[in-house]
Amino acid sequence: MDDIFLLAVLLLPFGGSFVAALLPTDARNAAAYLAGIVALAGLLMTVALYPVVADGAVFRHEIAWLPQFGLTFTLRLDGFAWMFAALVTGIGTLVMLYARYYMSPSDPVPRFYAFLLAFMGAMLGIVLSGNLIQLIFFWELTSLFSFLLIGYRHHTAAARDGARMALTITATGGLALFAGVLILGHVVGSYDLDQVLAAGDRLRAHSLYLPILILVLLGALTKSAQFPFHFWLPHAMAAPTPVSAYLHSATMVKAGVFLLVRLWPALGGTEQWLVLVGSAGLATFVLGAYFAIFQQDLKGLLAYSTISHLGLITLLIGLDRPLALVAATFHIMNHATFKASLFMAAGIVDHETGTRDFRRLNGLWPYMPRTATLAMVAAASMAGVPLLNGFLSKEMFFAETIEIHDGSIVDQALPYIATMAGAFSVAYSLRFIHDVFFGPPPTDLPHMPKEPPRWMRFPVELLVLACLVVGILPGRTIGPILDGAVRAVLGNAVPAYSLAIWHGFTPALLMSLIALAGGTTLYVLLHDYLQRSPAGPPLLRNIKGQRIFERVMVAISWRGARSLERTLGTRRLQPQLRLLVGVALIVALWPIYVHGLDWGDAAVTPLDPAFAVVWAIGIACAVSGAYVAKFHRLAALVLIGGAGLATCVTFVWLSAPDLALTQLVVEIVTTVLILLGLRWLPKRIEARDLDVRPGIAARARRIRDLVLAAVTGVGLAAVTYAVLTHPLPDSLSAFFLERAYTEGGGTNVVNVILVDFRGFDTLGEITVLGVVALTVFALLRRFRPAPDSIDIPEQQRLQNAHDDAHPKRQIGDTIADYLAVPAVIIKLLFPFIGLLAVFLFLRGHDLPGGGFVAGLTVAAGLILQYMASGIRFVESHLRVHPLRWMATGLLLAAGTGAGAWFFSHPFLTSYFRYADLPGIGAVPLASALIFDLGVFALVLGATTLILIALAHQSVRSHRLQTPHEPVVARSEER
Amino acid sequence: MELVLSLAIGALAASGVWLVLRPRTYQVIIGLTLLSYAVNLFIFSMGRLRVGMAPILDKGQVGDLASFADPLPQALVLTAIVIGFATTALFLVVLLALRGLTGSDHVDGAERER
């Protein structure tokens with residue numbers, strides 16, 4: 001039961017997100033109910049799971065995924081993870097409720113909830129993962145969904161920029177973390193969290209410790225917005241306030257410190273940890289607090305205070321002492337409660353007054369006394385005022401800063417720095433309250449301020465209540481949870497600590513008092529200045545992390561990429577192809593260079609002079625075809641047809657009748673196809689006739705290409721000859737020869753391979769053919785010929801003129817006369833071609849033939865009809881539905897394959913093997929034949945579709961381009 | 001036979017490569033056709049040259065490589081021929097569309113700058 005709960009806690013938010021995404025855009029209440037119920041259910045299930053971890057136990061639930069690679073989907077719950085899960089679901093529930101009232105009905109609210117729920121799921125995934133790879137998966141998911149949430153109002157530039165910056169920083173950090181974890185897993189030998197945590201000593205002693213630490217810290221510190229990566233967080237304030245309240249109190253930024261605490265037993269406890277984590281935390285703690293004082297935006301102040309408090313937590317973790325870790329864990333909870341409530345209060349002020357600018361907000365107390373009271377309590381907790389939870393963890397922090405003694409300057413100065421930063425936080429907390437709720441009555445606010453709806457304030461009330469209860473009765477309320485959390489991290493090394501409010505007059509108390517007094521004084525002194533100053537701290541105002549970030553991004557992603565493309569890339573096809581041929585040559589020549597190329601002594605087949613003659617003609621055709629292809633297209637087509645026929649003869653001669661048949665039919669169809677295309681190509685007149693000599697550069701190019709071609713040809717010929725003079729090595733061919741009849745049930749081995757042994761390949765191949773045919777069809781639907789190809793060809797014009805000149809003739813008569821005899825013959829031939837196709841198809845399994853050839857034969861027969869009688873005649877006498885043929889073929893082939901499933905055999909198992917099964921054994925037809933029928937239908941449909949689509953272009957009336965219309969603009973039409 | 005076929009493959013490949021590197025789309029399509037002849041023959045010849053040994057068994061026969069030509073390269077080439085036809089068709093239509101859109105039959109869609 002517990003494992004189901006655990007799984008449900010993780011999966012429910014994702015499910016809810018999916019459902020919310022499907023809701024209509026204006027379904028605000030439905031989405032809010034859904035999200036609220038999902039979050040609440042998550043919270044209740046988390047609470048129900050508490051007994052599992054109450055006594056310090058670790059609960060694991062594993063689902064094997066790729067066990068041979070050590071990858072299992074592992075859920076792991078201990079006290080620390082439970083504390084986080086409770087925070088994520090608990091504050092999540094409150095945020096869902098709050099957002100219902102915050103979001104405007106005109107916003108696409110279901111999308112918002114879909115993102116928020118998915119984010120919640122991802123965050124739960126981080127805290128519940130028992131495998132580090134899995135943890136990183138969810139880690140990156142939180143980056144992704146926070147990107148979507150921050151960019152929710154994507155019509156504003158601030159949201160887009162903030163979202164992009166947050167994603168760039170945190171996802172880059174995530175990649176660093178990934179690299180770090182891969183090394184870590186390599187060192188430990190496992191990605192399992194328990195094993196990693198147990199391998200702490202081995203890790204710390206390993207030479208790769210520092211790289212691991214730096215990479216992991218890059219991930220954690222970017223996520224927790226630690227200096228110098230802090231600058232994304234203030235810009236993330238472009239998100240709707242519920243998002244800020246959630247992401248920047250309990251979740252997103254806490255993921256970083258979660259990871260630090262989680263991995264502390266494995267990576268902590270070294271000098272490097274102290275220096276790296278401690279200094280990052282200290283810098284962030286002080287700078288964040290200082291910057292926060294000078295913000296002029298409510299959320300901006302809270303953002304920097306969040307940075308500062310996370311710095312405080314990081315500093316505590318960096319101090320590397322068990323007691324500091326207890327304080328850090330405690331402060332994680334306390335910060336989440338008071339910061340979430342403060343963000344919500346800021347959202348209420350924004351919502352009810354229409355502005356978040358300190359300089360415009362004043363004296364709101366009389367208008368919203370209850371909100372003001374709540375905000376005051378929460379802010380006091382943030383400042384560290386006694387009787388509130390913030391005070392307790394802060395006092396623990398102060399006590400810790402005194403405790404460290406390594407004698408360094410930083411150590412000596414730490415208590416003073418901590419007190420100073422504490423004073424800063426008192427100052428900004430005071431400012432948050434005093435500037436907004438007190439002072440002269442507000443003037444010219446966008447809305448008349450008033451109290452928010454009852455239920456919008458409710459989450460704030462609950463959170464503030466928590467601050468108070470924990471602050472007054474810490475031991476009885478939060479004590480056990482905190483104890484469970486730190487016990488999960490520290491194990492038996494949990495130090496003695498006391499959660500009492502009163503410890504007597506300790507130095508820590510003194511520091512608290514000094515911070516309170518100093519902060520108040522500071523605020524009083526700065527009060528007038530802050531009323532007028534621009535945002536940002538004095539002196540440092542102009543150093544903007546954002547600007548530096550943008551510059552770097554522009555330099556890398558735009559200028560760098562462009563210059564790289566300019567220097568290394570080209571958009572021209574010829575250099576690319578030249579490179580391709582060159583690389584292929586090098587790859588082929590390299591082994592020859594290394595191992596040499598020798599002629600073997602296998603017996604050669606005696607030369608038949610006729611064969612030599614065939615290829616003398618074939619080679620002549622190929623070379624002369626290559627020579628004339630530029631200016632004499634028809635001649636080139638005829639000539640390569642000659643080379644194709646020589647190939648065909650070779651297949652017949654050398655025991656490959658199937659190939660010869662297929663080659664022959666494909667040859668016919670290809671020739672017709674290219675003939676149809678010739679009409680749309682531009683006229684080209686030989687340069688010789690125009691008396692223009694090619695330039696030196698052009699000649700140099702030709703010579704270079706000629707050399708490349710010659711080397712390719714000679715090399716390929718040499719390799720072929722070398723292979724042919726060596727005996728045939730053992731290969732899997734014998735397998736097919738042995739089993740073609742006994743297991744495939746056919747005597748034509750090639751056909752049996754295609755439709756049976758390698759049927760899956762053939763299925764893929766005919767699918768490709770179908771896709772190509774559809775692509776051709778689609779491309780030609782939008783086909784627009786070039787202006788100079790639109791006119792009907794000269795011959796046709798002459799014929800039409802002749803027809804026009806004689807009153808008794810109709811247009812088209814001349815061509816019909818020319819073709820009268822062939823047309824009769826071809827029409828008569830059609831049934832015989834069909835018969836031939838059936839013959840070829842049926843004998844395919846046993847003798848040369850098969851679906852491919854038969855399909856192409858019918859297609860050739862059809863296209864002959866088109867040629868002889870014209871499109872209109874054929875299509876008025878014959879219904880050709882190439883698309884239906886294709887669909888039928890593909891379904892037939894795939895269906896035959898799937899049919900094997902019903903006999904619990906793998907896909908595409910042919911029937912013949914199981915001929916002795918009762919009931920089926922009586923069927924004399926091999927199922928491969930049905931499969932071949934599918935091949936036949938698809939080949940027929942695809943070929944016909946391509947040919948007909950091309951042929952139809954000639955009868956389509958193409959809109960003539962007006963002469964002044966620019967040529968380029970046409971591509972942008974529609 | 002072996003020598004003649006090797007020379008034929010070399011000549012077909014050389015003509016094909018030369019044409020594929022030319023600037024006109026029509027030259028490229030003819031070149032691809034020639035190149036595919038060469039490659040098909042090359043793959044086919046990997047099963048060695050056998051005369052009069054078509055891989056067609058008698059009913060119930062268990063064949064072996066001594067008395068039958070290698071059927072595997074043949075099956076591969078049969079597939080290659082059909083796919084070659086498909087790519088030729090696709091390329092032809094793309095080149096026609098290119099010619100229609102840009103007015104040029106240069107492979108880059110525009111004449112080379114001089």
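Here is how names work: the chains are called A, B, and so on, in the same order as the sequence lines, proteins then strands, and each is numbered from 1.
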Can you tell which of [options] has the highest number of heavy-atom pairs within less than 4.5 Å of chain A?
options                      : result
Ala86(B), Pro71(B), Ala13(B) : Pro71(B)
Ile56(B), Leu3(B), Val20(B)  : Ile56(B)
Arg48(B), Arg50(B), Gln27(B) : Arg48(B)

Heavy-atom distances under 4.5 Å only: say whether [X] touches chain A with side chain, backbone, both or neither.
X        : answer
Glu2(B)  : both
Arg24(B) : side chain
Thr33(B) : side chain
Leu76(B) : neither
Leu34(B) : side chain
Leu19(B) : side chain
Leu92(B) : side chain

- Query: If we ignore angles and hydrogens, is there a donor and acceptor under 3.5 Å between the side chains of Trp18(B) and Thr712(A)?
  - Reply: no
- In terms of heavy-atom proximity below 4.5 Å to chain B, should Leu947(A) be classed as side chain, backbone, both, or neither?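 Looking at Leu947(A), nothing touches chain B.
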- Leu654(A) versus chain B, the contacting section by heavy-atom distance below 4.5 Å: both
- Task: Using a cut-off of 6.0 Å, state whether more than 12 heavy atoms not belonging to Arg633(A) lie near its atom CZ.
- Result: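 Counting other residues, nucleotides and ligands, CZ of Arg633(A) exceeds 12 neighbours.
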- If you measure from the Lys or Arg side-chain nitrogens to the Asp or Glu carboxylate oxygens, is any gap between Arg572(A) and Asp108(B) under 4.0 Å?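 Salt bridge present between Arg572(A) and Asp108(B).
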